[in-house]
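What follows is a short report on a single structure.
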Amino acid sequence: MATYLVGDIQGCYAELMELLDQVGFSSKTDSLWCVGDIVARGPDSKAALDFFVDSGAAVNTVLGNHDLNLLAVLMGSREVNPKDKLNAVVSSTRRLDYIDWIREQPLLHHFEQHNTLLSHAGIYPFWSTAQAKTLASEVTQSLKSDAMPSLVEHMFSNQPNNWCSSLSGFDRYRFIINAFTRMRYCSDTGELDFRRKNHPQQDTDAQWKPWFELSQRSERVVFGHWAALMGETQNTKYVGLDTGCVWGQYMTLFHLEQQRYYTQPSQSQS
């Protein structure tokens, strides 16, 4: 039995299938976890989403920002961005199936036997692991509850940009969601800057650091979201799997037990 973690798919269904063929993935004996962002920008978000929805317990994901955006689009809370190429998903007769499936997915998964945490953007460096798991669970339970439509309606904003345990209501949920799905740069005092996307070598403002440079976690953290990194964190405890497939680079698969990487070149520039 093998556990595979795959980087941002973003509608690049053909490359995902090539990767799974490359390693001989079997849903009967192996498990697959996506780091989030199954959909958006690539050529076949519907096929990618259908694969995850229909594959049962062996194929899983944590939620990424594009997955949550799709939930809001399907709920009628946001307009479709034409660049996201989501028309086939939005017009599908499976719309309600997609809503039900997305709202059941977690923000964080802990592979305890491998001392590894998985989330889309990473883990806020000023949270303990126990705290991160509790806060992620708060949002998951809200998404599964009757409060989901209201949460989706109030989910999208850059504020608040710093954590305080006294945060409540939608401000609390919004920070938790943003930290797990949109975080890249963080200050020494805990502020998040959601505008910065460049590789750290291209960012000259010393106030802002990659979140993983401020992290002192004992667990390995596997994340995606930051394509400009191309997987480079300079620290083997922080494994970046977004290697820009949708931008014409390649998709990355990580064999958790063997700590081995597999890659598949993009078939076309997005």
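These values consider heavy atoms only, across backbone and side chains, with no hydrogens, waters or symmetry-generated copies.
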- Straight-line distance of L117 CG to K133 NZ, nearest 0.5 Å: 7.5 Å
- Message: Does D205, at its CG atom, have more than 12 non-hydrogen atoms belonging to other residues, nucleotides or ligands within less than 6.0 Å?
- Response: yes
- Item | Pair V6-V35, side chain to side chain contact (heavy atoms under 4.5 Å, CB included): steps then yes or no | CA-CA 6 Å; V6 68; V35 76; over 6 Å; no
- Message: Nearest 0.5 angstrom please: K28 NZ to M1 CE, how far?
- Response: 13.5 Å
- Item | Validation row: L32, F52 side chains within 4.5 angstrom (heavy atoms) | yes
- Query: Hey, does V62 have a side-chain heavy atom less than 4.5 Å from the side chain of L107?
  - Reply: no
- Tell me yes or no: between the side chains of R182 and N158, is some donor less than 3.5 Å from an acceptor? yes
- Query: Do we see a donor-acceptor contact under 3.5 Å between the side chains of D67 and Y98?
  - Reply: no
- Query: Can you find a heavy atom in the side chain of I176 that is under 4.5 Å from one in the side chain of E138?
  - Reply: yes
- Message: For the residue pair N65 / H120, report whether a side-chain donor-acceptor contact shorter than 3.5 Å exists.
- Response: yes
- Item | Path from L19 to W247 over hydrophobic side-chain contacts below 4.5 Å | no
- Message: Pairing donors with acceptors under 3.5 angstrom, does anything connect the side chains of Y238 and S215?
- Response: yes
- Note on the structure: Distance col, row Q264:CD vs T243:OG1, nearest 0.5 angstrom, shows 11.0 Å
- Counting distance only, does the side-chain N/O of Q22 pair as donor-acceptor with the main-chain N or O of T263 below 3.5 Å? yes
- Cluster link W33 to I9, ILVMFWY, side chain under 4.5 Å: no
- Message: Do P200 and Y185 make a side-chain contact, defined as non-hydrogen atoms from C-beta onward lying under 4.5 Å apart?
- Response: yes
- Query: Is there a donor-acceptor contact under 3.5 Å from the side chain of Y124 to the main chain of C186?
  - Reply: no
- Between Q105 and T61, does any side-chain donor sit less than 3.5 Å from a side-chain acceptor? no
- Enter the distance from W226:CH2 to R196:CZ here, rounded to the nearest 0.5 Å. 10.5 Å
- Work out which heavy atom in M183 is nearest to a heavy atom in P125; give both atom names and the distance. SD-CD, 4.2 Å
- Query: Are Y262 and Y250 connected, step by step, through hydrophobic side chains (Ile, Leu, Val, Met, Phe, Trp, Tyr) whose heavy atoms are closer than 4.5 Å?
  - Reply: no
- Task: Take atom CD of Q201 as the centre, draw a 6.0 Å sphere, and report whether it contains more than 12 heavy atoms from other residues, nucleotides or ligands.
- Result: no
- Side-chain contact test, heavy atoms from C-beta onward, threshold under 4.5 Å: evaluate it for M230 versus H199 and give yes or no. no
- Minimum-distance pair of heavy atoms, taken over all atoms of A179 and W127: CB-CH2, 3.8 Å
- Task: Using modelled atom types only, decide if a donor and an acceptor are shared between the side chain of R94 and the backbone of V89 within a distance under 3.5 Å.
- Result: no
- Message: Is there a side-chain contact between V59 and F51 in this structure, where contact means two heavy atoms from C-beta onward sitting under 4.5 Å apart?
- Response: yes
- Task: Evaluate side chain to side chain contact (heavy atoms under 4.5 Å, CB included) for F223 paired with L229, printing each intermediate quantity in order.
- Result: CA-CA 11 Å; F223 67 101; L229 287 177; 3.9 Å; yes
- Message: Once rounded to the nearest 0.5 Å, what's the spacing between atom CD of Q267 and atom SG of C12?
- Response: 8.5 Å
- Heavy atoms, side chains only, cut-off 4.5 Å: are V73 and E79 in contact? no
- Looking only at heavy atoms, which two atoms of S150 and H154 are closest? And how far apart? O-ND1, 2.9 Å
- Task: Determine the interplanar angle of the F111 and H114 rings, folded into 0 to 90°, and report it as parallel if under 30°, tilted if 30 to 60°, perpendicular if over 60°.
- Result: tilted
- Sub-3.5 Å donor-acceptor pair from the side chain of N81 to the main-chain atoms of K83, do we have one? yes
- Query: What pair of heavy atoms forms the shortest contact from Q131 to S128, and how long is it?
  - Reply: N-OG, 3.0 Å
- Is L96 reachable from M75 through a run of hydrophobic residues whose side-chain heavy atoms are each under 4.5 Å from the next? yes
- Query: What's the verdict on side chain to side chain contact (heavy atoms under 4.5 Å, CB included) for N178 and F194, showing C-alpha distance, side-chain angles and the deciding distance?
  - Reply: CA-CA 9 Å; N178 282 341; F194 300 109; 3.6 Å; yes
- Donor-acceptor under 3.5 Å (R95 side chain, L74 main chain): yes
- Query: Where do L5 and L241 come nearest, in terms of heavy atoms and distance?
  - Reply: O-CD1, 3.6 Å
- Message: When you measure from the centre of the six-membered ring of F156, is the NZ or CZ of R78 closer than 6.0 Å and no more than 45° off the axis?
- Response: yes
- Task: For T129 and E219, test the side chains for any donor-to-acceptor distance below 3.5 angstrom and give the result as yes or no.
- Result: yes
- Message: Testing the 3.5 Å rule here: is there a donor-acceptor pair between the side chains of H225 and D8?
- Response: no
- Item | Exam field: side chain N115 to backbone E112, donor-acceptor pair closer than 3.5 Å | no
- Query: Can any side-chain N or O of R103 pair as donor or acceptor with the backbone N or O of S145 at less than 3.5 Å?
  - Reply: yes
- In Å, rounded to the nearest 0.5 Å, how long is the span from CG of L63 to CG of L143? 7.0 Å
- Message: Parallel, tilted or perpendicular, judged at 30° and 60°: which one describes the rings of W163 and F175?
- Response: tilted
- Task: Keeping the roles fixed (side chain from N235, backbone from K237), state whether a donor-acceptor pair exists under 3.5 Å.
- Result: yes
- Quick one: does D37's side chain have a donor or acceptor within less than 3.5 Å of a partner on H66's backbone? yes
- Query: Donor-acceptor pair, D84 side chain versus A40 backbone, under 3.5 Å?
  - Reply: no
- Could you please spell out the steps behind the side chain to side chain contact (heavy atoms under 4.5 Å, CB included) verdict for H255 and L253? CA-CA 7 Å; H255 188 308; L253 189 74; over 6 Å; no
- Message: If I compare all heavy atoms of Q202 with all of N198, which pair ends up nearest, and what's the gap?
- Response: OE1-CB, 3.8 Å
- Item | Verify same cluster id: V80, V246 (apolar side-chain graph, 4.5 Å) | no
- Query: Are side-chain heavy atoms of V239 and R220 found at a separation under 4.5 Å?
  - Reply: yes
